Amino acid sequence: MTNKADKKSFYTTPIYYVNAKPHLGHAYTTLSVDVAARYSRMCGNETYFLTGTDEHGDKIVEAAEKQGKTPREYTDEISQLFQNLWPTLNVSNNDFIRTTNLDHIKVVEHLLTRIYDAGEIYFSEYEGIYCFGCERFYQERELVDGKCPDHGTEPQKIKEANYFFAMSKYQDWLIDHIKQNPDFIRPERYRNEILSFLKEPLEDLCISRPKSRLTWGITLPFDDNYVTYVWFDALTNYISALGFPDGEKFNRLWCGAEHFVAKDIIKPHGIYWPTMLKAAGIDLYQHLNVHGFWNVGGSKMSKSIGNVTDPAEVTAVYGVDPFRYFLMREMVFGLDANFTEDAIVQRINSDLANDLGNVFSRILAMNHRYFKGQVPAVVETIEEQKGLSLRVAADEAIQGFQQAMNDNAFHKGLISIWEFIAILNKYIDTTAPWVVAKDEARKDELATILYNLVESLRVVSSLIYPVMPETSVKMQQILGMTHPHGREYPTMNEIIPWNQIAVGTKMEKPRSLFPRVDSHKSAAPSSPAEKKDVTKAISASKAQHPAPSALPSTGEKKPANNEPLKPEIAFDDFTKIDLRVGTILAAEKIKKSNKLLKLSVDLGEESHRQIVAGIAKSYDSDQLIGKQVVVVANLKPAKLMGETSQGMILAANDGKELFLSGFTAPLPAGSPVK
RNA sequence: GGCGAUGUAGCUCAGUUGGUUAGAGCAUGCGGCUCAUAUCCGCAGAGUCCGGGGUUCAAGUCCCUGCAUCGCUACCA
């Protein structure tokens with residue numbers, strides 16, 4: 001396998017939305033890019049690695065206000081959390097971009113102007129049914145008897161104007177491009193997903209928000225009254241960081257662009273972004289590399305379950321390289337995987353301590369014992385005669401590794417190395433150097449064996465570099481390896497030739513690379529194992545709520561509990577609401593509905609009320625019978641899925657799961673609540 | 001409800017275009033070695049490849065259907 005010299009590679013993570021601190025998902029995306037980028041450097045490619053933070057939008061303003069901060073202060077703070085994490089994880093990014101940087105803003109303006117001038121952005125009013133009470137548009141089907149379900153008033157047809165990007169006209173071109181370039185989006189499952197999206201007619205993309213509704217954003221260069229909405233802001237980071245349009249970096253590197261994203265944001269990256277580039281007359285990126293989600297302890301990461309895993313914590317407990325190894329070994333790039341503390345401990349003990357660490361230790365120990373730590377010379381006649389060369393096995397390992405890495409199959413790359421380690425262990429067992437050493441006449445044979453083993457360690461220590469840079473460097477140092485230009489890694493081409501370690505090289509005494517870990521070494525308070533039971537107690541064997549994507553994203557994310565406070569009301573307003581204690585007498589699921597339960601509730605009145613509640617995902621009907629809840633008793637009745645609802649049940653919402661209110665003692669039905 | 005994905009050994013998962021007795025790691029049991037981080041090597045047990053039907057000389061693999069789980073989406077008073 002040859003490595004093209006002079007190839008340029010530009011690797012990117014999505015820019016992470018600063019509405020929450022970094023978690024396992026962010027860490028994986030960034031680390032998979034780091035592994036790819038380090039490998040790319042080993043292939044001799046000029047490699048540029050970009051990550052950053054996405055900082056505009058309404059949600060940010062709300063979150064900042066809640067903390068009594070300006071958006072700028074708030075975003076500075078969260079962005080810093082990301083910037084601090086990456087060095088801890090040994091991430092080798094060359095740049096960190098923030099969408100609030102002036103340089104970025106200028107490029108966004110430039111790009112918008114360019115596409116606007118090309119006539120690909122148009123201004124359009126669209127008509128919708130708007131309820132002024134709710135300050136929102138409704139779909140026809142959402143109305144109850146043609147009226148606003150909230151206010152019972154007739155909504156108005158109004159027009160709002162916005163700017164649109166003429167994306168639809170690129171649909172056929174995009175389909176064609178994806179079909180012509182089978183690995184444009186990879187792995188294949190995500191390519192298929194995008195193609196199936198594209199079977200439906202594509203709509204034009206709304207790219208603006210009036211300033212009356214959104215201020216924390218980039219003003220449209222052709223209309224002061226609007227800011228650009230998410231896409232042209234966030235996606236543009238990939239070229240603004242390179243100094244588009246005239247930047248020297250852009251000209252040199254953009255042709256090698258490799259985007260890495262989690263599966264939740266393939267639409268903007270696989271559809272919007274290529275069409276935007278096309279409209280602006282910019283070449284497309286090389287590949288969109290899509291990976292899956294990390295579950296934790298068997299469930300989706302979510303705040304309500306309490307299993308959101310902090311990469312810094314895991315690293316503090318187990319170390320950077322074990323963490324990196326685990327993520328890369330355990331997840332098949334593209335598919336989902338599961339994170340548990342038991343699994344990481346098992347990987348550390350069996351793969352790192354028993355296999356890699358131990359083989360390193362036993363080879364070096366023998367070399368010190370029999371040759372005083374100096375690399376002995378191979379005697380070729382004996383090597384050939386006894387079939388002692390490990391060259392072929394090493395070649396196969398290197399080849400398998402390269403093939404896998406070129407394909408983002410990081411786990412396979414590691415498997416390839418570990419198969420080689422297994423061969424080394426077997427080789428040691430078969431050749432039994434400790435037996436050979438007893439016979440002075442077999443000194444040459446012993447030397448040949450140990451040379452082959454040390455040489456194999458050279459290969460292993462080099463190949464693990466992208467995934468475990470720290471350990472790789474440590475091993476190489478102990479082995480006495482150095483590289484041109486003070487590089488801390490050898491290139492692939494430098495790894496391949498056999499018989500490289502110079503005879504007589506002095507090696508250090510072996511050090512324990514990975515101590516074995518006690519399986520109960522659980523320091524992290526977010527230990528998934530512990531949280532599991534809590535989870536069960538809360539949700540009572542119900543299927544978990546889907547957490548809103550807990551993974552990196554360009555930005556339309558909704559924070560779980562950052563809802564801004566509503567405007568102040570007078571006490572009189574509050575007293576208009578009649579809250580009562582209701583006893584649930586019966587509950588059944590409404591057919592064709594996922595979330596709705598039809599409840600029969602006793603409010604102490606002559607007849608029982610029928611109330612429809614959207615809590616089916618959090619509660620089974622059985623567990624509700626007899627439960628006492630707070631009911632809004634004077635709410636105007638409404639119709640849902642064909643069922644009348646005469647009231648509303650109060651429940652807390654943490655963003656994922658709903659929790660009914662309750663009382664510390666049984667009460668008569670209908671008791672007032674104030 | 002619509003769209004999509006997944007279901008293979010006790011556990012976590014590989015299984016390319018259908019082709020011998022279905023694989024790996026971990027776990028379990030037995031045996032061996034002592035250079036090594038009580039590590040390593042060998043052997044063994046174990047699977048209705050979710051159920052049912054179909055195509056085929058041949059199905060884990062293709063088609064239909066059912067079930068289960070998960071994701072997106074709609075209803076969320």
Side-chain angles (χ1 to χ4, degrees), chain A residues 139 141-142 144 149-152 189-190 192-193 196-197 199-200 263-264 266-267 292-293 295 298-300 329-332 335-338 340 342-343 345-370 409 411-412 415 418-419 421-422 424-437 446 449-450 453 510-517 543-544 546-549 590-597 611-618 631-632 635-651 653 658:
Chain A
Q139 300 284 328
R141 61 170 182 274
E142 289 180 285
V144 179
D150 238 340
H151 296 81
R189 54 175 49 208
Y190 298 110
N192 293 339
E193 207 167 302
S196 86
F197 281 141
K199 276 179 190 155
E200 301 296 317
K263 66 182 181 183
D264 59 333
I266 57 176
K267 221 170 168 176
F293 283 166
N295 295 319
S299 329
K300 266 210 103 162
R329 177 62 185 79
E330 199 75 3
M331 176 173 268
V332 177
L335 302 180
D336 291 358
N338 193 25
T340 67
D342 282 349
V345 167
Q346 196 183 56
R347 284 288 177 203
I348 290 172
N349 285 340
S350 63
D351 296 3
L352 297 182
N354 295 352
D355 292 343
L356 176 58
N358 184 57
V359 85
F360 183 70
S361 165
R362 66 197 302 209
I363 292 172
L364 277 172
M366 283 192 283
N367 203 77
H368 273 271
R369 175 172 302 198
Y370 306 134
H411 74 296
K412 279 192 185 167
I415 287 172
W418 259 255
E419 281 171 351
I421 292 173
L424 298 184
N425 273 324
K426 220 165 282 187
Y427 178 91
I428 295 172
D429 225 59
T430 331
T431 57
W434 52 92
V435 174
V436 180
L446 186 64
I449 292 168
L450 277 164
L453 287 171
R511 272 180 274 158
S512 179
L513 299 175
F514 303 100
R516 289 180 61 82
V517 178
Q544 292 312 317
S549 153
I590 294 182
K591 281 176 199 165
K592 296 186 180 182
S593 159
N594 276 351
K595 295 185 186 169
L596 298 185
L597 287 181
I611 295 178
V612 176
I615 55 174
K617 284 229 166 176
S618 298
V631 176
V632 182
L635 193 66
K636 184 181 165 75
K639 239 184 176 181
L640 282 138
M641 297 292 280
E643 295 287 351
T644 305
S645 183
Q646 307 161 300
M648 172 177 172
I649 285 183
L650 299 191
N653 181 0
L658 292 171

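Keep in mind the model is a prediction, meaning the values are calculated, not measured.
Looking at which nucleotide of RNA chain B each of A:Ala365 and A:Lys412 is closest to, the 5′-most match is held by A:Lys412.
When the P atom is used for both B:rC33 and B:rG7, the distance is 44 Å, rounded to whole Å. When the P atom is used for both B:rG25 and B:rU21, the distance is 22 Å, rounded to whole Å. A gap of 33 Å separates the C1' atoms of B:rG15 and B:rU73, to the nearest Å. Nucleotides B:rG71 and B:rU8 are separated by 22 Å at their C1' atoms, to the nearest Å. Comparing B:rC49 with B:rC11, their P atoms sit 15 Å apart, to the nearest whole Å. On the P atoms, B:rG1 is 26 Å away from B:rC62, given to the nearest whole Å. For the P atoms, the distance linking B:rC63 with B:rA59 amounts to 15 Å, nearest Å. Using C1' as the reference atom, B:rG19 and B:rU61 are 11 Å apart when rounded to the nearest Å.
Taking CG of A:Leu513 as the start and CG of A:Leu356 as the end, the distance is 6.0 Å to the nearest 0.5 Å. One finds the CG atom of A:Leu450 at 8.0 Å from the OG1 atom of A:Thr431 (value rounded to the nearest 0.5 Å). Here CG of A:Leu335 is found 8.0 Å from NE2 of A:His411. Values are rounded to the nearest 0.5 Å. Note that CE of A:Met366 is 6.0 Å distant from CG of A:Leu453, once rounded to the nearest 0.5 Å.
B:rA14 atom C1' lies 7 Å from atom NE2 of A:His411, rounded to whole Å. Taking atom CG on A:Asp351 and atom P on B:rA24, their separation rounds to 16 Å, with Å as the unit. Following rounding to the nearest Å, A:Tyr190 (OH) and B:rG71 (P) show an atom-to-atom distance of 14 Å. Counting to the nearest Å, the P atom of B:rG25 and the CD1 atom of A:Ile415 are 10 Å from each other. One atom, NE2 of A:His368, and another, P of B:rA36, lie 13 Å apart when rounded to the nearest Å. If you take NZ of A:Lys267 and C1' of B:rC3, they are 11 Å apart, rounded to a whole angstrom. In this structure, the CH2 atom of A:Trp418 is 16 Å from the C1' atom of B:rA24, given to the nearest Å. Separating the CZ atom of A:Phe293 from the C1' atom of B:rG4 is a distance of 14 Å, rounded to the nearest angstrom.
Across all strands shown, B:rA27 forms no Watson-Crick or G-U wobble pair with both key distances under 3.5 Å. With a cut-off of 3.5 Å on both pairing distances, B:rA46 has no Watson-Crick or G-U wobble partner at all. Of all nucleotides present, none satisfies the Watson-Crick or G-U wobble test against B:rG60 with each distance under 3.5 Å. The base-pairing partner of B:rC33, taking Watson-Crick or G-U wobble contacts with both distances under 3.5 Å, does not exist among the strands shown. If you check B:rU69 for Watson-Crick or wobble pairing at under 3.5 angstrom, you find it paired to B:rA5. The base-pairing partner of B:rU16, taking Watson-Crick or G-U wobble contacts with both distances under 3.5 Å, does not exist among the strands shown.
In terms of the side-chain hydrogen bond (donor to acceptor under 3.5 Å, both in side chains) criterion, residue partners of A:Asp336 (sequence neighbours excluded) are, by chain and number, A:Lys263. Residues satisfying the side-chain hydrogen bond (donor to acceptor under 3.5 Å, both in side chains) criterion with A:Asn354, sequence neighbours excluded, are A:Arg516. A:Arg369 is linked by a salt bridge (Lys or Arg N to Asp or Glu O under 4.0 Å) to nothing, counting only residues two or more places apart in sequence or in another chain. A:Arg347 pairs by the side-chain hydrogen bond (donor to acceptor under 3.5 Å, both in side chains) definition with A:Glu330, A:Asp351, not counting sequence neighbours.
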Query raised in the report: What string of B, S and - do you get for nucleotides 37-43 of chain B 5' to 3' if you count protein non-hydrogen atoms under 4.0 Å?
Result: B-SBSS-
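Remark: side-chain polar atoms of A:Asn349 are paired, donor with acceptor, to backbone N or O of A:Val517 under 3.5 angstrom.
Counting only heavy atoms from C-beta outward, the side chains of A:Tyr427 and A:Ile449 approach each other to under 4.5 Å. Put simply, the side chain of A:Trp434 reaches to within 4.5 Å of the side chain of A:Tyr370, judged on heavy atoms.
Side-chain N/O atoms of A:Arg369 include one lying less than 4.0 angstrom from OP1 or OP2 on B:rA36.
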Please enumerate all protein N or O atoms sitting under 3.5 Å from an N or O of nucleotides 5-10 of chain B, with distances to 0.1 Å.
none

